[in-house]
Amino acid sequence: MMRGVGIAVGVLITNVFSNLSTAQIFQLGVFIFLAQACGRILLWYYQLSNVGGLRERHAVEFIKYNFQKWYVGDPSAKLLSLFWATSIIFITGALVVCQSSNRITLQSAMFMTGEWLANPGAMFQLEDSDLTMVSLAVTCGGLLVFAVLIGIVSDNVEEKLEGLRTGKADVATEGHSVVLGWTNKTIATVRELAQTYPRHAGHAIVVLSARTKRQMETDVQAQLDDEDLNGCVIVCRCGDVCSKHDLLRVAITTARSVVVLNAAVIGDDGETYTQQALPITLQVRSVLDDFATANSGPLNAPARPQIVVEVSNTDEQACVEMVLNQRCATVLSDDIVGRVLLNCTVTPLLQSAVLTLLSFTGAEIYVRHVPDLRGKTFKFVHFCFKGAIPVGVHVKEPRFGKAGRFYLNPPDSYVMREDDAVVLIADDADSFVVDLGPNCASADDSYHMTIRHYQTLVPQNFLVVNWRRGMGKILLEMDGMVPGGSTVTLFDHRSVAQQRASLLRDGLQVHLLKNLSILHVKGSSMNLDDLTQVQTSTGRRQSLSTPNLPYTAVLILATEDMTAERCDTHLLSTVIILANLLQRPQHRRRSRVGTIEGRHATAVSCPIVCETHASQTEDLLRNICDSVVIVLSDMCASAVMAQLAVQPDLAALYDELLTADGCELHLHPVTNYLELMAPTATDGTYTAASNAYNFEDIMIQCRMRNAVAIGYVVEGSTKAVLNPIDRSSSRQWSMNDQVIVIQE
């Protein structure tokens with residue numbers, strides 16, 4: 001019906017204009033133009049007469065005010081003003097030309113006026129001197145019009161270029177990743193997200209923050225190289241992360257993943273405050289819901305991006321999950337970093353393995369559903385993958401009395417169901433294949449359990465320097481990882497009462513600890529005298545530099561009330577002092593007290609685990625001490641967020657691996673699983689024994705003890721070898737080699 005009405009109206013207008021002459025059409029246009037201008041003036045006058053505060057003002061002032069407001073507020077005001085000015089000059093010139101000469105028709109007058117407007121040289125070709133002044137006036141008006149037009153075009157072009165320079169342009173892509181906010185973790189997050197895409201695929205990673213585009217691009221170029229970017233394109237946009245317009249500008253509705261970073265800010269009172277992750281999450285949900293409502297249909301519902309939100313506490317975590325109806329992954333950065341530090345402190349040689357599993361560098365964790373494994377036992381599944389090591393099962397619904405859906409290190413008799421997926425450790429998503437042939441190593445019955453060399457668990461003593469948020473949670477997890485009778489000494493500038501009050505706020509009930517006892521010491525980590533005399537496990541004040549040092553490992557935390565730069569500087573000073581105090585006796589005799597001599601790092605008697613922010617600090621620390629174990633806190637949290645952006649279900653797996661509940665990573669001597677022969681002495685010379693075994697031998701021995709072997713650490717090295725490439729090739733094992741296993 002509406003189409004028919006439109007056709008009828010079009011035919012009527014055509015018939016009306018076909019019966020009008022050129023002069024009548026021109027007069028009609030002039031009338032419409034004047035009516036429009038008069039209508040706007042009358043509207044402003046009506047507003048003037050109805051605004052109480054402006055009734056006494058002159059009408060011209062009010063009209064001038066409204067014109068200025070309209071000219072500034074309406075994007076098309078400049079072009080409309082120019083059109084009106086050009087029309088006035090054109091109409092006035094044509095009417096004056098008609099009145100000046102009876103021999104010139106209206107059509108000819110319009111043509112002449114238009115020529116004078118567009119071509120200033122046309123006025124010199126006039127033969128009628130009566131029209132000289134008219135042509136001069138119209139020509140000057142035309143010059144003014146074209147000057148204004150050039151200015152408008154130049155301003156618009158400059159505005160577009162400025163938008164490109166300042167990061168105001170729209171992002172027109174899909175399948176990209178969006179990072180909201182700029183913090184110390186942004187660069188590390190971009191690096192990890194780039195590794196999630198296929199190499200040289202040219203995908204985009206968009207960063208939206210309040211910083212200028214030039215500042216962000218400068219930092220990206222300075223800290224990321226081509227290998228880090230993995231062929232991805234980094235797009236920086238300047239804007240408000242809580243603005244709906246800016247979120248749409250970075251195409252958040254078509255993104256593959258969205259990472260919301262929580263910026264920490266230190267207030268004047270020394271307390272740490274965080275940017276509101278909840279308002280950002282609410283705005284993101286609003287944008288996605290509006291897009292889904294506008295584009296959803298009975299058959300095509302738009303895919304929602306995977307959202308990862310960094311939160312600062314459990315209350316904020318609960319609110320974010322309620323806002324997004326648990327359609328997101330939340331990351332408590334302090335908890336993640338604290339758990340990594342704890343694992344590295346209890347077992348320093350696990351540092352390389354833990355950081356590798358968290359990041360996309362080296363071996364990673366994958367969850368794959370293989371229908372052909374239905375009905376197979378886990379004993380068969382564990383050995384049927386080439387290029388990967390199965391470590392567990394991902395079930396559709398929680399069972400086995402577990403709260404989560406990951407079942408790590410299941411028994412050999414477990415039978416795979418149709419909806420079960422395999423949890424694998426592999427180098428890449430396409431680096432492994434399934435071999436269902438009969439030559440499976442698990443079917444070989446020629447292997448028998450070797451004699452296990454049990455180690456007696458002895459109490460351990462730790463020194464923790466400085467303080468961080470969530471200290472109570474760290475100590476609670478440590479209580480479940482260490483043997484009974486262990487001790488931890490907390491050394492910080494706070495008073496003993498403040499330290500105990502902070503632990504109490506974290507929910508730690510000290511009297512409920514089973515294996516760990518806590519000692520408190522007040523002192524400055526940059527003061528040599530305070531560090532020299534530290535309270536030992538016996539309760540006396542004893543020097544750190546005594547030969548029989550009571551500490552198993554020293555953990556130096558990043559000070560929570562300092563910026564990242566100051567914190568790393570503070571850390572370097574502390575490590576220098578401790579490296580001299582903890583020197584081995586033979587090394588101490590060759591150097592003066594309080595100095596680090598020579599070009600080589602200092603040899604210390606126990607590992608020093610350091611939490612730092614910048615990778616440059618990592619290189620400096622390795623030059624100071626040879627037994628330093630470095631944990632880049634920003635990298636740990638960023639790696640977990642990048643992993644959850646691709647596989648959100650891995651959050652429960654990381655919680656189990658990094659805590660004392662369930663299965664976790666352990667480091668066992670290789671002699672627990674293999675019968676190795678020590679070198680024999682003959683005529684004053686030692687002959688190495690033939691201890692050739694392949695890694696599959698260790699895997700089978702571990703399965704006999706309800707463990708999963710995933711790698712090893714060779715003697716004299718701190719780098720873990722995860723998911724060995726050729727598990728069937730034999731190698732010579734040393735008596736001091738260590739095996740990395742997953743076990744309760």
Side-chain angles (χ1 to χ4, degrees), residues 167 171-209 213 216-237 250-252 254-261 305-308 310 329 331 336 352-368 387-388 424-432 613-616 618-619 632-648 650 654 719-720 722-723 725:
V171 175
T173 185
E174 59 182 15
H176 57 293
S177 297
V178 178
V179 180
L180 300 179
W182 190 276
T183 68
N184 294 331
K185 305 180 185 68
T186 302
I187 294 295
T189 302
V190 170
R191 181 190 294 110
E192 293 296 331
L193 286 174
Q195 303 301 320
T196 65
Y197 288 100
R199 190 166 185 82
H200 303 302
H203 290 277
I205 300 176
V206 183
V207 181
L208 175 64
S209 77
K213 182 174 182 287
M216 292 186 284
E217 289 179 343
T218 301
D219 288 347
V220 169
Q221 293 173 2
Q223 301 183 45
L224 297 178
D225 54 21
D226 293 339
E227 184 178 355
D228 294 329
L229 295 179
N230 195 32
C232 292
V233 179
I234 310 302
V235 181
C236 300
R237 288 293 179 264
V250 297
I252 197 174
T254 59
R256 183 190 73 166
S257 58
V258 178
V259 179
V260 180
L261 298 180
Q306 175 58 40
I307 303 175
V308 181
E310 181 190 11
V331 176
I336 293 293
S352 176
V354 172
L355 298 184
T356 301
L357 291 178
L358 292 181
S359 66
F360 285 93
T361 303
E364 307 152 19
I365 300 177
Y366 295 94
V367 179
R368 290 293 182 268
L424 305 164
I425 292 180
D427 291 343
D428 291 299
D430 55 354
S431 63
F432 55 88
H613 296 282
S615 57
Q616 296 85 348
E618 179 181 6
D619 299 333
L632 292 169
S633 56
D634 295 338
M635 190 278 292
C636 292
S638 301
V640 172
M641 287 187 284
Q643 290 278 6
L644 299 185
V646 181
Q647 303 181 94
L650 290 184
Y654 289 138
K719 185 175 179 59
L722 297 179
N723 184 33
I725 298 177

Taking all non-hydrogen atoms of both residues into account, name the closest pair between [X] and [Y] and its distance.
| X | Y | value |
| --- | --- | --- |
| Ala255 | Val258 | CB-CG2, 4.4 Å |
| Pro305 | Ile252 | CG-O, 3.7 Å |
| Ala426 | Gly387 | CB-O, 3.9 Å |

Working to the nearest 0.5 Å, report the span between [atom1] of [X] and [atom2] of [Y].
| X | Y | atom1 | atom2 | answer |
| --- | --- | --- | --- | --- |
| His613 | Asn184 | NE2 | CG | 6.5 Å |
| Glu217 | Cys236 | CD | SG | 5.0 Å |
| Ile187 | Asp634 | CD1 | CG | 11.0 Å |
| Thr356 | Leu722 | OG1 | CG | 5.5 Å |
| Leu261 | Thr189 | CG | OG1 | 5.0 Å |
| Arg237 | Met216 | CZ | CE | 8.5 Å |

Quiz item: Thr196 pairs by side chain to side chain donor-acceptor pair (under 3.5 Å) with which of His203, Arg256, Gln643?
Solution: Arg256
Taking the side chain as C-beta and beyond, is there a heavy-atom pair between [X] and [Y] under 4.5 Å?
| X | Y | result |
| --- | --- | --- |
| Asn723 | Phe432 | no |
| Phe360 | Arg191 | no |
| His176 | Val250 | no |

Practice problem: Give me the one residue out of Val178, Val190, Leu193 that meets side chain to side chain contact (heavy atoms under 4.5 Å, CB included) with Val259. | Solution: Leu193
Quiz item: Taking Ile365 as the fixed residue, which of Leu650, Leu424, Leu358 is the one that meets the side chain to side chain contact (heavy atoms under 4.5 Å, CB included) rule?
Solution: Leu650
Self-check item: Arg368: side chain to side chain donor-acceptor pair (under 3.5 Å) partners, not counting sequence neighbours
Solution: none
Quiz prompt | By side chain to side chain donor-acceptor pair (under 3.5 Å) - contacts of Thr186 (at least two apart) | solution = none
Quiz item: Among pairs that include at least one residue of residues 356-366, which meet salt bridge (Lys or Arg N to Asp or Glu O under 4.0 Å), considering only residues two or more places apart or in two chains?
Solution: none
Quiz item: So, Ser638 side chain and Lys185 main chain: donor-acceptor pair closer than 3.5 Å or not?
Solution: yes
Quiz prompt | Short side-chain to backbone donor-acceptor contact, Asn230 and Cys232, under 3.5 Å | solution = no
Self-check item: Greater than 12 external heavy atoms within 6.0 Å of Asp226's CG
Solution: no
